[in-house]
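What follows is a short report on a single structure.
The structure presented is a predicted model; accordingly, all values stated were derived computationally and were not measured. Reckoned from all heavy atoms, side chains included, excluding hydrogens, waters and symmetry mates.
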Amino acid sequence: MAEPSPTVKSMAAFLLRRHSDQLRSISLSPDPKLHYPLYVDFAELMEDDPPLAQSVFSQPTQHLRSFDDAAFWAHKIVLGDLKGCNSGIEKKFIHVRINVSGSPLECPETFPRIGNLRVKHRGILLTLKGTVIRSGAIKMYEGERWYTCQKCKHKFLVYPELEARNSVSLPSFCPSQGQRSKPCEGTKFKELEDSIICHDYQEIKIQENTQVLGVGAIPRSVPIILKDDLVDLVKAGDDAVVTGVLTAKWSPDLKDVRCDLDPVLIANNVRRTNELKSDIDIPDDVIMKFKQFWSDFKDTPLKGRNAILQGICPQIFGLFTVKLAVALTLIGGVQHVDASGTKVRGESHLLLVGDPGTGKSQFLKFAAKLSNRSVITTGLGSTSAGLTVTAVKDGDCLSRGPLFEGSTVQVHVHACNLFKIPVHDMHGEWMLEAGALVLADGGICCIDEFDSMREHDRSTIHEAMEQQTISVAKAGLVTTLSTRTIVFGATNPKGQYDPDQSLSVNTTLSGPLLSRFDIVLVLLDTKNPEWDAVVSSHILAEGESDKGRSDEDIANIWPLSMLQRYIHFVKGYFRPVLTKEAEKVISSYYQLQRKSATHNAARTTVRMLESLIRLAQAHARLMFRNEVTRLDAITAILCIEASMTTSAIVDSVGNALHSNFAENPDQEYTKQERLILEKLRSIDDFPDINNRGGYCR
């Protein structure tokens, strides 16, 4: 190979200074045919060589190729130093990957929303963030190749043009005129045998997150081209940050159809942000605030818990039971995996059944804000394919072949009608596009108007709710996708709610689906004059400025951002374990429910026992503890009791809509605990209730 240019030499010197460890690791790797990434921080490059950093930003296509050459030369130098060890192997393919994290390139001009992509962004080093909604098959395409001038025998490298469907454009005359005293000016070139370098190739499509959109904005998407070591790094449903060069590709050639330029990003670096959870950063001082908060409420922990719950949907007055259920659902329990590998899910599911105007949609939207990953959909606009995965037929922008190759299935159908081309002549491949449940993996999927979904569409989410997978067998694609998501549904009862009928009859939801929901809360708009007076005064008082009451001061400690951090922290930090007391209470309640399961047969299955354990673990996390006590078990029972049409313990559970925050929750709990244990006939097993007034921390 020819002597490297001064630019390549300066790049190689930078890599040797700053990234010798990575180069040594690549040299010691055993496989010489693999493509190896070499990660470079743009902030580090700016600090070391500002002009070079400016060149990489403004002319990335040319300078990133030079960087790859520099990485190869630096690798050969490192390999020479390792000759004594006889363990280094020369690698042909090393690619420099630019990481813009923490650099000035994170500004809006170079890190725009996908919907804001314009012509001005073309040709510079650009970074985009979004959710992968489509992941194509991995293919192989012919990349750069060597040619020789038949007149002067000069060898040069020619890169294919991705914009022109991977076609190769040869120079008009020999490019060696700058290297000789007399220009060659030859116009005939010959391709060297076996000189073509093949690359792995994959197309994905990313869509901007709905959380960053304005009102009425439609989420836009852009195709991304991944090559070599970047292929198969992300799958449908992953959040990704992609750095690359924005260019344009010609749309497929169709007769009498205008040929347009479609934007496409050729990726240089891809980072998954699923594990990073970069949206929620919890500094140490915030964690100290959490610990200080619980030390302040050490003697009255339930009052502290209620202060947290008041921050959930603060615009809605009361509804203590619903707010507690939302908090426990978002926090969730601990996933259990036994020795055989069978998993019992840790995520809880919540269904709100209520009359119009009871605040169901408000809770749905607030729960979506609290989760760092969420998808909101309505039942009427959701099909089984939209909730799970869709099989779509799409082509490859680099494929070269018959007339219709590379166009989407809609264009195929249109073209077949127009030109009478047989269907079997069409080209393209089937791929899977992620639906709502797959996109919400690791977060929450909120489905409003649950009752307006068709029965066939509702049945598709059974597997996603319990096994937390979606098995797909469509168009020759057989796979299983992960859906570790919380399902939060809201529905209206069918006509007037009849308390004498079972929940299945009132909601027209099947028993298997109802049994998968951990909590089903019924919100009935009964005409209660006292409650109506309190609620109306609360709504009217929201416009007043004098809010100096102590209860609201406590609630102001927990704004939305603080609640997000708290839920995220307790989910990752605590893994509660059941104590013997909690096990005894949960077991007694489950057995009692099974005996009286005539009216709620769909709800009193073994899944109820798992739901009780999950809710007790979630309450222990909410209370900032690592063990599940009797208090958590009793609270889990109260949540399940609130979701029963007829209770096995309390004759009249009360309407969840009229549940308010108690002034002294710890004393209230003492009464509830005594009542429940007496009904369970377990009060003799806990002598401390009579001795200490009934409260157990």
Consider side-chain contact (heavy atoms from CB on, under 4.5 Å). Of I634, D632, L631, which one does V585 pass it with? I634
List the steps, then state whether side chain to side chain donor-acceptor pair (under 3.5 Å) holds for Q591 with S587. CA-CA 6 Å; Q591 292 171 33; S587 175; 3.0 Å; yes
Between atom [atom1] of [X] and atom [atom2] of [Y], what is the distance when rounded to the nearest 0.5 Å?
X	Y	atom1	atom2	value
E583	S588	CD	OG	11.5 Å
I376	D448	CD1	CG	9.0 Å
L324	L638	CG	CG	9.0 Å
Y566	I287	OH	CD1	12.0 Å
L513	L351	CG	CG	8.0 Å
K369	F366	NZ	CZ	7.0 Å

Restricting to non-hydrogen atoms, name the atom on [X] and the atom on [Y] that form the minimum distance, rounded to 0.1 Å.
X	Y	value
L330	A367	CD2-O, 4.0 Å
T485	G443	OG1-O, 3.5 Å
R271	N99	NE-OD1, 3.7 Å
I586	L609	CG2-CD1, 3.6 Å
G311	L563	O-CD1, 3.2 Å
S611	I640	CB-CD1, 4.4 Å

Go through F363 and L319 one step at a time and tell me if the side-chain contact (heavy atoms from CB on, under 4.5 Å) criterion holds. CA-CA 11 Å; F363 280 109; L319 270 69; 3.4 Å; yes
Could you tell me how the ring of F297 sits relative to the ring of F293: parallel (under 30°), tilted (30 to 60°) or perpendicular (over 60°)? tilted
Heavy-atom side-chain contact between [X] and [Y] under 4.5 Å:
X	Y	value
L560	L370	yes
V577	N626	no
V132	K235	no
E627	Q617	no
F574	R625	no
W294	R305	yes
L509	V353	no
K360	N492	yes

Just by modelled atom types, is the [Y] backbone N or O under 3.5 Å from a matching donor or acceptor in the [X] side chain?
X	Y	result
R516	H462	yes
R621	R575	no
D41	A43	no
S348	T329	no
Q292	M288	no

side-chain hydrogen bond (donor to acceptor under 3.5 Å, both in side chains) partners for [X], two or more places apart:
X	value
T131	N209, D239
E347	Q468
R484	D441, S482

Is it the case that more than 12 heavy atoms not belonging to D285 sit under 6.0 Å from its CG atom? yes
Do N306 and Q310 pair up side chain to side chain, a donor and an acceptor below 3.5 Å, judged on atom types alone? no
Modelled atom types, side-chain donor and acceptor of T491 and E449, under 3.5 Å: no
F290 and M562: side-chain contact (heavy atoms from CB on, under 4.5 Å), yes or no, with the steps? CA-CA 10 Å; F290 295 154; M562 187 73 82; 3.6 Å; yes
Audit row: I444, C446, side-chain contact (heavy atoms from CB on, under 4.5 Å) steps and yes/no: CA-CA 6 Å; I444 183 170; C446 300; 4.0 Å; yes
Under the salt bridge (Lys or Arg N to Asp or Glu O under 4.0 Å) test, residues paired with E466 that sit two or more places apart: R345, R607
Under the salt bridge (Lys or Arg N to Asp or Glu O under 4.0 Å) test, residues paired with R614 that sit two or more places apart: D518
Contacts of A436 meeting side-chain contact (heavy atoms from CB on, under 4.5 Å) (sequence neighbours excluded), chain-then-number -> V375, L387, C445
Run the side chain to side chain donor-acceptor pair (under 3.5 Å) check on E463 and T469 step by step: do they pass? CA-CA 6 Å; E463 181 194 0; T469 56; 3.0 Å; yes
For L352 and F488, what are the C-alpha separation, side-chain angles and deciding distance, and is it a side-chain contact (heavy atoms from CB on, under 4.5 Å)? CA-CA 8 Å; L352 296 181; F488 189 173; 3.8 Å; yes
